[in-house]
**Student:** 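Dumping the structure here so I can ask a few things about it.
Below, each value reflects all heavy atoms present in this structure, side chains not excepted, and no hydrogens, waters or symmetry copies. For clarity, every value in this text was computed on a predicted model and none was experimentally measured. To find a chain, count down the sequence lines: A is the first, B the second, and so on, and within it residues start at 1.
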Number of protein chains: 2
Amino acid sequence: MNLNIDKLDLQIIEYLTQDAQISYADLGKKLFVSPGTVHVRIKKLQESGIVSGTRMHVDLKKLGFDVIAFIGIYLEKSSLYDVVASELVKIPEIVRMNYTTGNWSIFAEVVCKDIAQLRSVLHDELQKIKGIERTETFISLEESLNRTVKVMADEENDAP
Amino acid sequence: MNLNIDKLDLQIIEYLTQDAQISYADLGKKLFVSPGTVHVRIKKLQESGIVSGTRMHVDLKKLGFDVIAFIGIYLEKSSLYDVVASELVKIPEIVRMNYTTGNWSIFAEVVCKDIAQLRSVLHDELQKIKGIERTETFISLEESLNRTVKVMADEENDAP
DNA sequence: ATTGAAAGAGTCTCAGT
DNA sequence: ACTGAGACTCTTTCAAT
């Protein structure tokens, strides 16, 4: 698929990555193009695979998920990455996994209802996975920022 | 605001946090209620602040952002958190910040186009912020999982 | 590639249960 | 609190530029 991304595409991405609820009509007004053009561009972005989907975001604390934690995982051998990762995916509390440089082989993020549930993930779930040497856990006491990356270099702005 | 979240609410959240594009009509069919009921529930979730918004997701690599990295930040004094955080927010490459237990005071995530840009963030941007003692950087070589938390304990399933 | 207009689909409201 | 139907808005298509 061809990826000829111009300024208009980036502007559309910039808006929709922050709020995907805005209508094509309103977005068109902001960007001085017709709703049809917005539609064509978004369709292009979806077909090219640049847009991978749309997700609703919820306030996890209000749903009773009070604990976010990061877990650095040391493996006995780094070649065990795939097999350990495939076990970790089965744990629903794990929402993200990255294969990283540095101390650990795997860096994971978990979301739990409380400390007891986190303890259960660490002690019950992770312990039974073969290949994990040890783990280091960092509990988030406060998430002070969570945003999307700015896809446009701020060369130009658009008039009101 | 009252938060009386029942099973139907959780099912709606479960679907929409994975794909916010599904129509109320289709969601109603899956959950055996009318589109109007889905609408009422979602409106309730939005007004109660449980739903914090909807975001389009993009494949960052396809937009030229090839580097995701995690940065652990040591502060000279942990009381400097607020003042340092307010400086970090100004750096557009930083997309997430957590105040964590353990080694570091601040744990940040950055998204960059390439290693040169990451180096610039570390060397040019972070260096000039007073109060940062040192940093540790972990570059993600692969993101093998990125999903939302399962909000429903899997007690019950719904028939097809 | 963008537009304006028409057709189709979805959201939103409300009276009834 | 849920539903079904109507009113309304938005998406989607398409011929024309």
Side-chain angles (χ1 to χ4, degrees), chain A residues 1-58 62-64 151-153 155-160, chain B residues 1-59 62-64 151-152 155-160:
Chain A
M1 187 58 175
N2 183 13
L3 351 120
N4 248 339
I5 305 304
D6 66 6
K7 186 188 163 194
L8 178 60
D9 294 316
L10 291 177
Q11 285 176 311
I12 290 171
I13 292 170
E14 196 75 59
Y15 277 102
L16 294 180
T17 50
Q18 286 166 54
D19 172 19
Q21 312 238 59
I22 187 172
S23 72
Y24 295 0
D26 287 347
L27 195 47
K29 271 177 212 156
K30 284 179 186 283
L31 302 175
F32 307 105
V33 292
S34 73
T37 300
V38 173
H39 176 246
V40 168
R41 296 307 190 97
I42 291 174
K43 204 174 162 190
K44 181 185 79 176
L45 292 169
Q46 286 171 334
E47 284 167 358
S48 68
I50 288 171
V51 170
S52 55
T54 301
R55 288 182 186 175
M56 188 179 79
H57 284 239
V58 294
K62 288 191 176 152
L63 287 175
V151 293
M152 295 217 324
E155 300 125 14
E156 54 252 307
N157 288 19
D158 34 334
Chain B
M1 188 59 177
N2 184 12
L3 348 123
N4 247 340
I5 306 303
D6 66 5
K7 187 188 163 194
L8 178 59
D9 295 316
L10 290 177
Q11 286 175 311
I12 290 172
I13 291 171
E14 196 75 59
Y15 277 103
L16 293 180
T17 50
Q18 285 168 53
D19 173 18
Q21 310 237 58
I22 187 173
S23 72
Y24 294 0
D26 287 347
L27 195 46
K29 270 177 213 154
K30 283 178 187 284
L31 302 175
F32 306 104
V33 292
S34 73
T37 301
V38 174
H39 176 244
V40 168
R41 296 307 190 96
I42 292 175
K43 204 174 161 189
K44 180 186 82 175
L45 291 169
Q46 286 171 334
E47 284 167 356
S48 69
I50 286 171
V51 170
S52 55
T54 301
R55 289 181 185 175
M56 187 179 81
H57 284 239
V58 293
D59 183 331
K62 289 191 176 153
L63 287 174
V151 294
M152 296 217 325
E155 300 125 12
E156 54 251 308
N157 288 19
D158 34 330

**Student:** Could you pull out the protein-nucleic contacts involving nucleotides 13-17 of chain D (nitrogen or oxygen on both sides, under 3.5 Å)?
**Tutor:**
unit_1	atom_1	unit_2	atom_2	d
D:dT13	OP2	A:K43	NZ	3.3

**Student:** Taking CG from A:L16 and P from D:dT11, how many angstroms apart are they, rounded to a whole number?
**Tutor:**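 My rounded result for the distance is 10 Å.
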**Student:** At their closest point, which heavy atom of B:M56 faces which heavy atom of A:A20, and how far apart are they?
**Tutor:**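 Heavy-atom minimum between the residues: N-CB, 3.7 Å.
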**Student:** Just compare D:dT3, C:dT2, C:dT3 and give me whichever is closest to any side-chain atom of A:V33.
**Tutor:**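 Comparing D:dT3, C:dT2, C:dT3 against the side chain of A:V33, the answer is C:dT3.
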**Student:** Please check the phosphate of C:dT3 (OP1 and OP2 only) for any side-chain N or O of A:T37 closer than 4.0 Å.
**Tutor:**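 Looking at the OP1 and OP2 atoms of C:dT3, one of them is under 4.0 Å from a side-chain N or O of A:T37.
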**Student:** Measure CD/B:Q21 against P/D:dC10 and give the value in whole Å, please.
**Tutor:**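 Nearest whole value for this atom pair: 17 Å.
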**Student:** Look up atom CG in B:D19 and atom CG in B:L16, then write down how far apart they are to the nearest 0.5 Å.
**Tutor:**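 Rounded to the nearest 0.5 Å, the CG-CG separation comes to 8.0 Å.
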**Student:** Looking at B:S52 and A:H57, would you say the former's side chain and the latter's main chain have a donor-acceptor pair under 3.5 Å?
**Tutor:**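 Checked: pair present.
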**Student:** Report yes if at least one side-chain N or O of B:R41 is closer than 4.0 Å to OP1 or OP2 of D:dA1; otherwise report no.
**Tutor:**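 The answer is no; no side-chain N or O of B:R41 sits under 4.0 Å from OP1 or OP2.
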**Student:** Provide, to the nearest angstrom, the distance between the CD1 atom belonging to A:I22 and the C1' atom belonging to D:dT11.
**Tutor:**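 Roughly 15 Å, once rounded to whole Å.
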**Student:** How many angstroms lie between atom NZ of B:K44 and atom CG of B:D9, to the nearest 0.5 angstrom?
**Tutor:**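 Taking NZ in B:K44 and CG in B:D9, the distance rounds to 3.5 Å.
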**Student:** Starting at atom NZ of A:K29, determine the distance to atom C1' of C:dT3, rounded to an integer number of angstrom.
**Tutor:**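 Value for this atom pair: 16 Å.
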**Student:** How long is the gap from CZ on A:F32 to CG on A:L8, to the nearest 0.5 Å?
**Tutor:**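 Between A:F32 CZ and A:L8 CG, I get 12.0 Å after rounding to 0.5 Å.
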**Student:** Quick check against the 3.5 Å criterion: does A:Q21 have a side-chain atom that pairs as donor or acceptor with the backbone of B:G53?
**Tutor:**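 No: the side chain of A:Q21 does not pair with the backbone of B:G53.
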**Student:** Just to be sure I understand the rule, does A:S23 reach a base, reach only the sugar-phosphate, or reach nothing, if contact means heavy atoms closer than 4.0 Å?
**Tutor:**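 The answer is sugar-phosphate, as A:S23 gets under 4.0 Å only of primed atoms, P, OP1 or OP2.
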**Student:** How many Å lie between CD1 on B:I5 and P on D:dA1, as a whole number?
**Tutor:**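 Interatomic distance, CD1 of B:I5 to P of D:dA1: 12 Å.
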**Student:** Round to the nearest Å and state the distance from B:L27 atom CG to C:dT11 atom C1'.
**Tutor:**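 Taking atom C1' of C:dT11 as the reference, CG of B:L27 is at 13 Å.
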**Student:** Send over the distance from B:N4 CG to D:dA1 C1', rounded to a whole Å.
**Tutor:**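 So the CG-C1' distance, B:N4 to D:dA1, works out to 13 Å.
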**Student:** Which heavy-atom pair separates B:L63 from A:L10 by the least distance, and what is that distance?
**Tutor:**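 Closest heavy-atom pair between B:L63 and A:L10: CD2-CD2, 4.3 Å.
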**Student:** Let me know the distance between CD1 of A:I42 and C1' of D:dC10, rounded to the nearest Å.
**Tutor:**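 Going from CD1 in A:I42 over to C1' in D:dC10 covers 12 Å.
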**Student:** With the side chain of A:Y24 defined as its heavy atoms from C-beta on, choose the nearest nucleotide among C:dT3, D:dC2, D:dT12.
**Tutor:**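 Output: D:dT12.
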